[in-house]
Structures are given as C-alpha cells and as structure tokens.
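Only one structure is covered here, and it is reproduced in the block below.
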Amino acid sequence: MSDSDKLPESVRALISGFSQRDQLDGLALHAIVRAADDEGVAKIRDVAAQYRDDYLRALRVKGVNAEHEAGRLGQDEVRAYLTTSILPRLAESGVIAPLDGDLERDAATVRISPSLWK
C-alpha cells in the first residue's frame with residue numbers, strides 16, 4: 001500500500017485535484033499529510049523536510065539534476081517559502097486551519113482542516 005492509499009479520501013481528492021499551476025501547493029499538502037499526527041497536526045519543520053524531499057523527487061521524475069538543486073535548496077529556505085507563500089494560501093482556501101502565532105518557532109504547527117481530516 002502506497003502512502004497516498006493511506007490518506008483519507010477527502011485529502012486524496014484535494015491532492016489529485018490540483019491543476020498543473022497549483023502543483024507546489026499540492027506538494028505542500030502532501031507534505032503536511034505525511035508529517036501529520038492522528039489529529040491532522042504537523043510541525044512546520046517536519047512539513048518543510050517532507051516538502052523538500054517531495055520537490056526533489058518531482059525534479060528527478062522530470063529528469064532535472066535534483067542533486068544540484070538539493071545543494072542549493074536549504075531547509076531554512078524551504079520553511080520560509082512555505083510560511084510566507086504556500087501555507088497562507090492553503091489557510092485562505094480552508095485546506096488548513098488559519099495560521100496563528102510565530103511560524104518560525106521550532107514547535108510551530110499547522111493543522112489540516114478538521115472537516116477534511118475526519
């Protein structure tokens with residue numbers, strides 16, 4: 001059974017429903033789901049690590065030199081991109097709960113919308 005087969009149907013539908021233009025948001029949602037606990041809550045640092053791995057994997061599939069990109073793309077850069085760009089969009093669309101607090105804290109978390117997670 002693949003990781004995506006273990007996801008709730010509502011989350012799988014969201015991941016597969018993203019258009020080409022929204023691929024990065026889809027990667028972020030996938031990273032959140034993979035890092036989430038049983039309540040749908042994930043530490044942002046774990047989401048960033050999963051997102052980076054997924055992004056590099058997607059580059060390999062496209063035939064891009066992912067090792068070169070891996071050397072350039074640091075964990076802090078990924079986390080900053082997520083917290084300033086992608087996570088606010090996902091919160092605005094209701095996919096994740098509204099963001100609150102300092103997202104730069106090591107213990108900062110993000111929560112998948114409870115209606116999608118159940």
Side-chain angles (χ1 to χ4, degrees):
M1 181 179 284
S2 73
D3 282 345
S4 63
D5 292 336
K6 298 175 188 173
L7 301 176
E9 180 61 35
S10 57
V11 174
R12 281 188 298 188
L14 279 170
I15 291 172
S16 65
F18 280 110
S19 70
Q20 182 94 8
R21 184 178 66 89
D22 294 327
Q23 235 177 24
L24 295 177
D25 288 0
L27 284 175
L29 179 57
H30 185 252
I32 294 167
V33 169
R34 287 181 60 201
D37 63 15
D38 291 340
E39 301 297 316
V41 176
K43 291 184 178 178
I44 291 179
R45 70 169 187 248
D46 297 337
V47 172
Q50 293 288 342
Y51 183 86
R52 183 179 182 276
D53 290 347
D54 287 347
Y55 177 72
L56 294 173
R57 190 174 303 113
L59 290 179
R60 284 185 194 95
V61 168
K62 290 181 180 180
V64 175
N65 182 351
E67 301 318 310
H68 178 271
E69 187 69 6
R72 182 195 74 72
L73 189 61
Q75 196 70 17
D76 290 340
E77 182 180 0
V78 172
R79 184 176 179 152
Y81 178 63
L82 286 171
T83 59
T84 60
S85 182
I86 293 180
L87 295 179
R89 263 197 320 266
L90 292 177
E92 185 176 299
S93 67
V95 173
I96 62 173
L99 301 169
D100 60 352
D102 180 7
L103 299 179
E104 297 302 316
R105 290 179 302 115
D106 198 42
T109 60
V110 62
R111 179 185 183 101
I112 296 173
S113 172
S115 64
L116 294 174
W117 190 251
K118 62 180 178 176

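- L103 and L90 fall within a single hydrophobic cluster, where Ile, Leu, Val, Met, Phe, Trp and Tyr are joined by side-chain heavy atoms under 4.5 Å apart, directly or via other members.
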| From CA spacing to verdict: side-chain hydrogen bond (donor to acceptor under 3.5 Å, both in side chains), S85, R89 | CA-CA 7 Å; S85 182; R89 263 197 320 266; 3.3 Å; yes
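- Follow the hydrophobic side-chain contacts under 4.5 Å out from V47 and you reach V95 in the same cluster.
- No more than 12 heavy atoms of other residues, nucleotides or ligands sit less than 6.0 Å from atom CG of D100.
- When all heavy atoms of A49 and Q75 are compared, the pair lying nearest together is N-NE2, 2.8 Å.
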| Residue pair D76, R79: steps toward the salt bridge (charged side-chain N to carboxylate O under 4.0 Å, His left out) verdict | CA-CA 5 Å; D76 290 340; R79 184 176 179 152; over 6 Å; no
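- By the side-chain hydrogen bond (donor to acceptor under 3.5 Å, both in side chains) test, T109 pairs with no residue at all, sequence neighbours left out.
- The side-chain hydrogen bond (donor to acceptor under 3.5 Å, both in side chains) test applied to R45 returns D106, not counting sequence neighbours.
- Here N65 contributes atom CG and R72 contributes atom CZ; the two are 12.0 Å apart, rounded to the nearest 0.5 Å.
- To the nearest 0.5 Å, atoms CD (Q50) and NE2 (H30) are separated by 8.0 Å.
- Counting only heavy atoms from C-beta outward, the side chains of I86 and Y51 approach each other to under 4.5 Å.
- Taking R105 as the reference, nothing meets the side-chain hydrogen bond (donor to acceptor under 3.5 Å, both in side chains) condition, with sequence neighbours excluded.
- Under the 4.5 Å side-chain heavy-atom criterion for grouping Ile, Leu, Val, Met, Phe, Trp and Tyr, I96 is not connected to V41 through any hydrophobic cluster.
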| request: Go through the steps for I32 and L87 under the test side chain to side chain contact (heavy atoms under 4.5 Å, CB included), then give the verdict. | output: CA-CA 10 Å; I32 294 167; L87 295 179; 3.8 Å; yes
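- The two atoms that bring W117 and D38 nearest to each other are NE1-O, 2.9 Å, heavy atoms only.
- The minimum heavy-atom distance linking D54 with A31 is given by the pair OD2-N, 4.0 Å.
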| Would D53 and R34 count as a salt bridge (charged side-chain N to carboxylate O under 4.0 Å, His left out) if you check the C-alpha gap in whole Å, the side-chain angles of each, and the deciding distance to 0.1 Å? | CA-CA 11 Å; D53 290 347; R34 287 181 60 201; 5.7 Å; no
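- Taking both residues in full, the closest heavy atoms of R52 and A70 are given as NH2-O, 2.6 Å, listed atom of the first, atom of the second, then distance.
- Of all the heavy atoms in A91 and A97, the pair that sits closest is CB-O, 3.9 Å.
- Heavy-atom minimum distance, P88 versus L82: CD-O, 3.6 Å.
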